[in-house]
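Worksheet for the structure shown next.
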Amino acid sequence: MATVTTNPVGRTRPADSPRESWSEKLGRWVFYLPLIFMVLFFAIPMAATVVFSVFERTMFWMEPGFTLFSYENFFFSARLTNFLDSMKYSLIAVAICFVLGFPIAVFVRKSIPQVAQHRVVLLFILPFMVSEIIRVFALRPVLQRNGLVNTTLQNLGLIDEPLTVLLYSHTGVVIGEVMSFLPFIVFSGFLAMEAVPKYIFEVCDDLGVGPWRRFCDVILPLAAPGIFAGSVFIFVNGLGVALLPNILGGPGAVNAGLIATQAITALDFPLAMAVSAIMMATLMTLLWIGHRLFDLTRILSPLS
């Protein structure tokens, strides 16, 4: 029979029970590291952004106070029009990425052997290992008047003169967004499809379900969380990456990231914070809507 000892605060424990080792304590605290990281590098900076957005602007910095001038400067100026335009073109990029990328995710899940699926998906992630500015800048010799696209179309006799709409325009920005963020929809769509057993496709084939009906009635509802998550990533990055309108867009191609960059250049830090807060609120609203509609946690959950 195990003896019982009493500790200084009056609690009892078995005398022969082992003490928790340092490795066990370390392993237990490791689970708190992601939470600590999110609080230090996400929650606190985001809260500080909202607070700083209502500070008063000074000549070179800002000072504590409460004013909504930065938000008025955003919503009652051409910046709001530019922001709404960038949202429209980001939605176009999302639609194009879905048309191009999601069928790839379905094909990989349905037709590629399971042992090779992750290797194939990795091929679409490899471009992210190259610096973003290099990837975006590399599109300029492809899209310019004497670039690869115009030269090829002219050699094929499809056009008589070079297309000028491909570069330094909203079209160029959309092309840049598609080329930069297409892997998001492929990867998130594949994650959603990975939770779907492959026998689902076999059952549809046995029942004679057509490709269109199978896509609309079976695949699309099951993969909706992954599609939405990938679409949000593309949409938010299209709004926030200032490199795209800087390198590929014309004078009228402005997104939220470029607005914030211009505000920082002009030393209007409260305005830059206000734009960042508006983008953050847009992202949180989209994630809340998506979670309410699709339960985004199902992306990593197997189909029951």
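We use all heavy atoms of the structure for the numbers below, so side chains are in, but hydrogens, waters and symmetry mates are not. Count residues from 1 along the sequence.
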Are the side chains of Phe55 and Val51 in contact, using a 4.5 Å heavy-atom criterion? yes
Are any non-hydrogen side-chain atoms of Glu56 and Phe69 less than 4.5 angstrom apart? no
For Asp217, the salt bridge (Lys or Arg N to Asp or Glu O under 4.0 Å) test, sequence neighbours excluded, returns Arg213
For the side chain of Asn255 and the backbone of Gly238, is there at least one donor-acceptor N/O pair under 3.5 Å apart? yes
So, Phe187 versus Phe190, ring centres under 6.0 angstrom or not? no
Going from CG on Leu248 to CD1 on Ile175, what distance comes out if it is rounded to the nearest 0.5 angstrom? 8.5 Å
To the nearest 0.5 Å, what is the distance between CG on Leu167 and CZ on Arg145? 11.0 Å
CG of Leu287 to CZ of Arg292: how many Å apart, nearest 0.5 Å? 14.0 Å
Tell me every residue that passes ring-ring contact (aromatic ring centres under 6.0 Å, His included) with Phe83, counting only those two or more places apart in sequence or in another chain. Phe74
Side-chain heavy atoms under 4.5 angstrom apart, residues restricted to Ile, Leu, Val, Met, Phe, Trp, Tyr: same cluster for Phe76 and Met87? yes
Smallest separation among heavy atoms of Leu80 and Phe75, with atom names: CD2-O, 3.3 Å
Any non-hydrogen side-chain atom of Leu123 less than 4.5 Å from a side-chain atom of Leu126? yes
When every non-hydrogen atom of Leu163 is compared with those of Asn150, the smallest separation belongs to N-OD1, 2.8 Å
State which residues pass ring-ring contact (aromatic ring centres under 6.0 Å, His included) with Phe181; sequence neighbours excluded, sorted by chain then number. none
Shortest non-hydrogen pair, Ser188 vs Gly230, comes out as OG-CA, 3.2 Å
Got a list of side-chain donor-acceptor pairs under 3.5 Å for residues 30-50, not counting sequence neighbours?
| unit_1 | atom_1 | unit_2 | atom_2 | d |
| --- | --- | --- | --- | --- |
| Thr49 | OG1 | Pro45 | O | 2.8 |

Taking all non-hydrogen atoms of both residues into account, name the closest pair between Met193 and Arg109 and its distance. O-NE, 3.1 Å
Please round to the nearest 0.5 Å and tell me the distance separating atom CZ of Phe235 and atom OG1 of Thr282. 7.0 Å
Side-chain polar contacts of residues 132-139 - donor-acceptor pairs under 3.5 angstrom, sequence neighbours left out - could you list them?
| unit_1 | atom_1 | unit_2 | atom_2 | d |
| --- | --- | --- | --- | --- |
| Arg135 | NE | Pro127 | O | 3.0 |
| Arg135 | NE | Val130 | O | 3.2 |

Salt bridge (charged side-chain N to carboxylate O under 4.0 Å, His left out) pairs touching residues 64-73, sequence neighbours excluded, are none
Name every donor-acceptor pair, under 3.5 Å, that has one atom in a side chain of residues 88-106 and the other anywhere in the protein, sequence neighbours excluded.
| unit_1 | atom_1 | unit_2 | atom_2 | d |
| --- | --- | --- | --- | --- |
| Ser90 | OG | Ser86 | O | 2.8 |

Please identify each residue that fulfils side chain to side chain donor-acceptor pair (under 3.5 Å) with Ser53, with sequence neighbours left out. Tyr71
Which pairs pass side-chain hydrogen bond (donor to acceptor under 3.5 Å, both in side chains) with one or both residues in residues 167-183, sequence neighbours excluded? Arg140-Tyr168
From CA spacing to verdict: side-chain contact (heavy atoms from CB on, under 4.5 Å), Phe66, Leu68: CA-CA 7 Å; Phe66 182 83; Leu68 298 178; 4.2 Å; yes
Taking distance alone, no hydrogens or angles, what donor-acceptor pairs closer than 3.5 Å link side-chain atoms of residues 256-279 to residues at least two apart or in another chain?
| unit_1 | atom_1 | unit_2 | atom_2 | d |
| --- | --- | --- | --- | --- |
| Thr261 | OG1 | Gly257 | O | 2.8 |
| Thr265 | OG1 | Thr261 | O | 2.9 |
| Asp268 | OD1 | Leu271 | N | 3.4 |
| Ser276 | OG | Ala272 | O | 2.9 |

So CG of Leu244 and CE of Met179: to nearest 0.5 Å the spacing works out to 12.0 Å
Below 4.5 Å, heavy atoms only, C-beta onward: do Ile234 and Ile185 meet side chain to side chain? yes
If you count the non-hydrogen atoms of other residues, nucleotides and ligands that lie under 6.0 Å from CZ in Phe215, is the total more than 12? yes
Residues, nucleotides or ligands: over 12 heavy atoms within 6.0 Å of Glu161 CD: no
Could you pull out all residues at least two apart from Gln144 that satisfy side chain to side chain donor-acceptor pair (under 3.5 Å)? none
Correct closest heavy-atom pair for Cys216 and Leu220 would be O-CB, 4.0 Å
Exam field: side chain Asp85 to backbone Ala253, donor-acceptor pair closer than 3.5 Å: no
Using the salt bridge (Lys or Arg N to Asp or Glu O under 4.0 Å) criterion, which residues pair with Arg79? Sequence neighbours excluded. none
Find the distance between CG (Leu182) and CZ (Phe124) and round it off to the nearest 0.5 Å. 7.5 Å
